[in-house]
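What follows is one structure encoded as structure tokens, with my remarks underneath.
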Amino acid sequence: MNKVQIQPSVRRKTVGGGVPLVEMEAVRYSVEDQKILDLPYWKIQKGEHSLVLGPSGSGKTTLIHLMAGLLRPDRGRIKISVQDIAGLSPAAMDRFRGRHIGLIFQKLYLIPSLSVWDNLKLAAKFAGLPFDREWADSILRGLSLAHKAKSRPSELSSGEAQRAAIARAVLNRPKIILADEPTSALDDATCDNVADLLVEQASRGGATLVVATHDTRLKDHFKSRLDLEGS
Amino acid sequence: MGIITLTAAYMRFRPLNTVLNLLLLALGIGTLTVLLLFSIQFEKRLARDARGIDLVVGAKGSPLQLVLSGVYHMDSPTDMLPEGVFEALNDRVGVARALPIHGGGRFGKWRVIATTPEYTSHYGAGLRDGRLWEASGEAVIGAAVARRTGLAVGSPVAATFGDKTVNLEVVGVLRDSGTVLDRLIMTGLDLRFPPGQGSEAGDTEEVRLSHVLVTCSSVQALQGLKRELEGNPDLTAASPGDETRQLAGFIGLGLDSLRGLGLALIFAAALGIFIALYNAMHERRGDLAIMRCLGASRINLMMLVMTEGMLITGMGTLAGLCSGHIFVEMAALYSTKLHDLGLSGLAWQPQESWLLLLALSVGALAALLPAIQAYRTDIARTLAGI
């Protein structure tokens with residue numbers, strides 16, 4: 001695997017050509033003068049599946065949060081689908097995030113008082129999009145969750161809950177799916193399964209996929225990779 | 001999936017919390033509703049029923065009892081008047097109107113009085129059915145009596161006056177007048193007592209009067225009459241205005257204490273809602289953060305919490321208002337005293353809108369701080385587990 005050192009703390013694997021879906025340039029993020037992430041340049045092509053690999057404290061989660069517009073960089077540009085998200089107002093960023101970005105976290109954050117189906121409906125509601133029942137149904141069928149649509153998260157196994165979180169992330173046909181440590185707490189078999197599902201669901205909707213993890217078991221599932229080193 | 005559906009789902013998810021807060025608020029609102037209905041209807045009743053009556057003249061006794069029995073028909077008469085009092089008052093210069101009353105009759109929990117048809121015209125009550133009484137043994141009933149007892153024109157009524165029973169027949173039903181007439185059964189002063197009750201069989205007896213309701217033509221005439229009656233050892237003259245003000249003062253003290261209790265309950269409920277929402281904000285930080293990830297704005301989250309607070313408050317208020325009205329109606333149905341007061345739970349008082357506004361304001365205030373907390377949720381820190 002060809003790794004290009006672009007900063008002492010950041011390495012990336014080369015990616016393909018064309019207009020990138022994600023382009024990050026001279027992005028720096030720090031907390032109280034302590035540098036958390038310094039990324040000179042990184043781009044991801046549309047439909048590409050990319051792995052961000054690095055140990056704890058390397059800035060993986062920060063990178064995902066920056067790409068999702070949950071954090072604002074100290075400086076630099078973050079373009080998603082040509083839109084410089086760092087320049088969006090908070091309200092516009094909320095709308096953009098809801099419509100174009102699907103998020104998955106290690107902790108799944110399914111709303112416990114709602115059924116799986118209602119969790120999906122909520123994703124459409126907050127994105128300001130109509131709820132496409134057929135599409136939602138096909139996602140659940142694709143994830144073998146159709147029979148659990150009316151179940152609450154507490155009634156799901158951990159694998160089912162993980163799949164429900166994936167279903168919610170892909171519901172609005174996002175341009176990009178960002179997953180932060182989606183497999184860290186899973187055994188090998190489940191880890192492979194979740195990685196396959198992520199890739200499969202992203203491909204199905206034509207979405208770009210970025211998975212940030214310290215879990216080296218995922219290496220083989222992704223052709224493109226950005227390595228972050230611990231500070 | 002609207003904000004209200006989501007809020008309702010949260011409320012269902014913590015049913016005990018929700019129900020306890022609802023109950024506490026409903027209890028406070030219910031208490032205040034009962035007090036409001038009671039005090040407003042009582043004051044209105046006092047004012048309406050005493051309208052146009054300057055003095056109540058009766059046998060020697062308590063002025064308050066005289067007013068309660070002669071004007072409001074909530075008490076038994078002090079005693080019967082000496083003969084000739086009505087005629088003397090009726091013929092007196094300065095007396096615009098004198099209405100004779102023989103009170104103290106009962107039909108179940110309803111009051112029966114013997115008087116002249118002029119008594120109904122004093123209150124401006126019209127007939128809904130039939131006609132006014134003309135002969136002995138005929139009776140006219142008020143609208144509430146007709147509604148609640150099912151009595152109608154032609155119905156027999158066995159009224160008791162002390163230990164005597166009089167058989168009457170309903171010949172007329174009055175329209176709703178919002179006065180004491182609604183709850184009265186009225187007949188003429190020539191009562192016919194059946195045999196064996198102190199009278200000859202079937203004899204008509206002109207009963208002695210218990211009260212004379214006097215309307216004076218001027219303030220000077222009223223003052224003069226009062227002075228004259230004060231010097232009479234056999235009579236008591238009471239002004240309904242003076243007596244009811246005194247009565248309202250006594251009752252007002254008790255009502256104020258209960259009103260304070262009701263307000264305390266509402267504020268305790270508001271505190272409960274505040275604590276529940278404040279704790280919920282901590283429990284749901286992850287939910288709020290993921291909602292922001294799904295595209296919800298800060299305002300959306302604030303509205304979500306405010307909606308939850310307002311929904312609990314709205315439901316609690318509604319439950320409180322309903323239970324207050326039901327309580328008053330049931331109390332009036334089962335308590336003769338309250339029934340005699342003309343209390344009803346079926347009427348909406350405009351002042352209840354203020355109660356609604358108070359409750360919703362308190363609810364909004366209780367939800368405000370947790371809502372601001374939701375607004376300020378730091379998504380990145382929450383999702384990073386910091």
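No hydrogens, no waters, no symmetry mates; every other heavy atom, side chains included, goes into these values. Letters A, B, ... mirror the listed sequences (proteins, then strands); counts begin at 1. It should be emphasised that the depicted structure is a prediction, and the values quoted were computed from it without experimental measurement.
- Side chain of Asp74(A) to main chain of Ser30(A): a donor-acceptor pair is present (N/O by atom type, distance under 3.5 Å, no hydrogens or angles).
- Using a 4.5 Å cut-off between heavy atoms, Arg99(A) makes no contact with chain B at all.
- At a 4.5 Å heavy-atom cutoff, the contact between Leu114(A) and chain B is made by side-chain atoms alone.
- Under a 3.5 Å cut-off, the side chain of Glu352(B) and the backbone N or O of Gln349(B) do form a donor-acceptor pair.
- Heavy atoms closer than 4.5 Å to chain A are found in both the backbone and the side chain of Asp287(B).
- In this structure, the side chain of Thr377(B) engages the main chain of Ala374(B) through a donor-acceptor pair within 3.5 Å.
- With a 4.5 Å cut-off on non-hydrogen atoms, Pro174(A) does not touch chain B at all.
- With respect to the salt-bridge test (charged N to carboxylate O, under 4.0 angstrom), the residues Asp378(B) and Arg285(B) do not qualify.
- Looking at Asp137(A), its side chain never comes within 3.5 Å of a backbone N or O of Glu134(A) through a donor-acceptor pair.
- Considering only heavy-atom pairs separated by less than 4.5 Å from chain B, the leading option among Ser113(A), Gly98(A), Gly102(A) is Ser113(A).
- Around CG of Leu20(B), the count of heavy atoms belonging to other residues, nucleotides or ligands within 6.0 Å exceeds 12.
- Just one of Val210(A), Leu209(A), Thr213(A) meets the side chain to side chain contact (heavy atoms under 4.5 Å, CB included) condition when paired with Phe222(A); it is Leu209(A).
- No side-chain donor from either of Arg133(A) and Ser138(A) sits under 3.5 Å from a side-chain acceptor of the other.
- Both the backbone and the side chain of Ala127(A) come within less than 4.5 Å of a heavy atom in chain B.
- Proximity to chain A is absent for every atom of Arg14(B), based on heavy atoms less than 4.5 angstrom apart.
- Taking Thr62(A), Ile111(A), Leu70(A), Asp118(A) one by one and counting their heavy-atom pairs under 4.5 Å with chain B, the maximum is reached by Ile111(A).
- In this structure, the portions of Ala123(A) lying under 4.5 Å from any heavy atom of chain B include both its backbone and its side chain.
- No other option in Ala124(A), Pro112(A), Gly128(A) has as many heavy-atom pairs under 4.5 Å with chain B as Pro112(A).
- With chain B as partner, the option from Glu181(A), Arg168(A), Arg95(A) having the largest number of non-hydrogen pairs under 4.5 angstrom is Arg168(A).
- Ranked by non-hydrogen atom pairs under 4.5 Å with chain A, the options Arg12(B), Arg292(B), Arg284(B), Met11(B) are led by Arg292(B).
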